[in-house]
Amino acid sequence: MLRTHSCGELRPSHIGQEVGLCGWVDRVRDHKGVIFIDLRDRWGRTQVVVGPESPAATLVAAKAVRPEWVVRVHGLVGARPDGTVNPKLDTGAVELACHSLEVLNEAVTPVFQPSGTELPGEEVRLGHRWLDLRRPAMQRNLFLRHRMVKIMRDHFDELGFIDVETPMLGKSTPEGARDYLVPARLEHGAFFALPQSPQLYKQLLMIAGFDRYVQVAKCFRDEDLRADRQPEFTQLDVEMSFVDAADVMGVIEGLVRRTAREVLGLEVTLPLPRLSWDEAMERYGHDAPDLRYGLELVDLAAAVRESDFRVFRAALEGGGRVRGIRVPGAAARFSRKELDDLTAVAVEGGAKGLVWLKLEEGGEWAGPVAKNLGAAGPAIRTALGAAPGDLVLIVADSFAVTCKALHMLRKRLGAQLGLYEPGAMHFSWVVDFPMFARDEETGGWAAMHHPFTAPRAADLPLLDRDPAACRAQAYDLVINGSEAGGGTIRIHDKATQSKVFGLLGISAETARERFGFLLDALESGAPPHGGIALGIDRWIMLFGGLDNIRDVIAFPKTQKASDLMTGAPAPVETKQLAELAIRVVAPPKPLPPG
RNA sequence: GGGGGUGUAGCUCAGUUGGUUAGAGCGCCAGCCUGUCACGUUGGAGGCCGCGGGUUCGAGUCCCGUCACCCUCGCCA
């Protein structure tokens with residue numbers, strides 16, 4: 001060992017001991033006669049003092065040292081003189097009186113200072129990730145990730161789950177997200193696909209009798225990225241046999257409680273609140289509502305029924321909805337300009353406009369369309385329970401548009417008005433999703449989750465009569481308005497599976513071609529089973545109070561899915577392409593301007 | 001694919017209505033400094049103003065295009 005202790009370890013109890021430390025030079029404060037070196041490692045920081053008592057050679061060596069050099073020091077742990085204790089450091093009561101300093105490695109001047117207070121731009125951080133990861137904040141994030149994954153593994157291990165690895169090289173399935181493809185050298189023109197999730201494998205493990213499966217699984221989806229989406233991400237993948245939805249949710253609730261307790265010191269009351277999908281859409285306009293604050297959506301159809309205001313009338317006559325949000329006491333807080341901004345949010349959500357109203361002290365509505373309300377005015381006030389000083393936002397459009405626009409407004413208002421505490425955590429379930437949604441492109445039915453999702457037993461007859469009304473045995477875990485996990489009970493009988501395939505427009509031949517092995521397996525004694533997948537990266541992000549998934553991933557990619565450090569993706573040697581029988585058809589060059 | 005934001009010194013940023021020599025803090029280099037801990041202090045070096053066009057007597061600043069990064073809609077069963 002090159003060291004006897006870490007840089008975060010020394011305390012007054014070590015005073016008088018001869019110790020050796022290794023680490024990175026965090027900062028140097030050279031006072032000519034005495035030099036202070038803050039030595040940093042992942043455990044903390046310790047002040048090393050090179051002074052008149054140190055050997056002359058050590059003083060010379062210390063003079064040359066620069067930030068981010070890697071050094072090894074030996075010396076005596078001493079109490080700091082009166083008045084020089086640093087309460088900001090865990091090791092701040094002691095210091096190392098250095099009698100030898102060995103430079104293990106010099107370092108070029110870093111592009112930015114890991115110990116600095118100014119956070120460099122993300123482009124710089126990603127390009128020099130090894131430096132970025134030296135920053136204590138990033139180290140904390142990765143330690144948090146380790147702890148949380150450990151809790152997950154312990155939790156499932158204790159419940160008898162078995163960790164099984166599934167292949168990374170699999171078969172492409174055209175449903176769902178775009179696949180990342182890997183060409184097959186031994187079969188020209190054929191491709192593997194990286195898994196979007198281990199969905200089919202885990203079902204096969206149930207059919208094989210493993211009963212309770214868990215895996216920390218890397219997943220790949222070649223879709224456009226967001227603050228909370230990376231092209232490769234990690235799921236805690238879970239599957240159980242002989243269970244219903246409540247059983248799966250119960251296991252996850254136990255994990256939620258345990259994680260909240262151990263990581264945040266927070267007691268979560270179980271069972272978690274459950275909203276049906278219908279209720280979530282009705283009250284919040286979204287299937288992953290942020291329940292840290294209110295601002296519920298209120299239906300105003302009855303209130304405006306008699307109104308002549310054509311915006312309302314047109315929406316209702318067209319089979320749409322008129323819905324609104326009451327923002328308590330916010331009338332004075334929103335200027336004309338800010339209301340224009342809110343209108344822009346609504347328009348971004350697909351609405352043609354936004355009706356805003358302020359309730360004045362006299363009980364009269366104020367706003368551009370206030371005088372058009374007529375008898376609807378008092379009715380709206382009653383329906384929303386509005387009080388003077390309240391701001392009301394109303395969207396009249398199709399159900400989908402009112403959901404989207406009001407959801408976006410709600411999100412915006414929650415953040416802008418600070419309606420929740422920074423550290424607040426809210427966990428809930430959204431259940432009973434529709435089995436099918438209309439596919440915009442084909443006009444046919446599309447699976448809301450995936451084609452193996454079981455309908456609720458009571459809804460089985462609806463598969464023939466009214467697929468739109470058919471609800472799935474599906475459940476999404478929502479944390480602070482973020483989808484943190486989702487799962488379903490699977491179809492385990494061939495007849496139901498065939499029927500669902502039929503509705504999805506997947507012919508028997510196609511089904512056999514794509515998932516023949518699963519169909520065969522389902523006929524070989526498949527137990528009732530179901531599971532869930534948790535987005536680990538998102539969990540870490542949410543529990544860490546972060547707003548960006550890249551900060552909990554050691555080596556993330558940019559929004560264009562490139563790695564600024566390695567330069568991936570990059571062209572490959574012609575020889576490599578030849579072995580794979582691949583010819584690159586370069587995209588046409590963009591025309592020069594003019 | 002669409003919308004928005006950003007791009008000026010190694011890093012974080014300022015830069016007026018288009019005007020002469022583009023600034024600050026941090027970092028870097030050198031000097032001074034024996035108790036600092038974001039040490040202090042004196043001096044110095046450091047610029048393809050993302051890139052390419054255009055307008056203009058003159059462009060960091062205006063216009064067009066383009067690239068990169070970020071946020072977002074579509075997309076993500």
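Just so it is clear: chains get the letters A, B, ... in the order the sequence lines come, proteins before strands, and each one is counted from 1.
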At 4.0 Å (heavy atoms only), tell me whether E123(A) reaches a base, stays on the sugar-phosphate, or touches nothing. sugar-phosphate
Go through the N and O atoms of the side chain of R229(A) and the base of C76(B), and report whether any donor-acceptor pair is under 3.5 Å. yes
Is it true that the side chains of S6(A) and D41(A) contain a donor and an acceptor less than 3.5 Å apart? no
With a 3.5 Å cut-off and heavy atoms only, can you find an N or O donor on one side and an acceptor on the other between the side chain of E95(A) and the base of G35(B)? yes
Result of checking T453(A), V248(A), I532(A), D476(A) against T488(A) for side chain to side chain contact (heavy atoms under 4.5 Å, CB included): T453(A)
Touch class at under 4.0 angstrom, heavy-atom based, for P67(A) against every strand present: sugar-phosphate
Within this structure, what is the CD-to-C1' distance between E118(A) and A24(B), rounded to whole angstrom? 11 Å
So S562(A), base contact, sugar-phosphate only, or nothing? Heavy-atom distance under 4.0 Å. sugar-phosphate
Which part of the nucleic acid does P81(A) contact within heavy-atom distance under 4.0 Å: base, sugar-phosphate only, or nothing? base
Within the modelled atom types, does a donor on one side and an acceptor on the other bring the side chain of R29(A) and the base of C33(B) under 3.5 Å apart? no
Does R226(A) make a side-chain donor-acceptor contact with the base of G74(B), cut-off 3.5 Å? yes
C71(B) phosphate, OP1 or OP2, under 4.0 Å from R550(A) side-chain N/O: yes
Where each residue is assigned the nucleotide of RNA chain B containing its nearest heavy atom, which of D38(A) and Q113(A) is assigned the position nearer the 5′ end? Q113(A)
Quick check: any donor-acceptor pair below 3.5 Å linking the side-chain of D224(A) to the base of C76(B)? no
Face-to-face contact F112(A) to C11(B) six-ring, under 5.5 Å, under 30°: no
Donor/acceptor link under 3.5 angstrom from E348(A) side chain onto base of U72(B): no
Taking any heavy-atom pair under 4.0 Å as a contact, classify R178(A): base, sugar-phosphate, or nothing. nothing
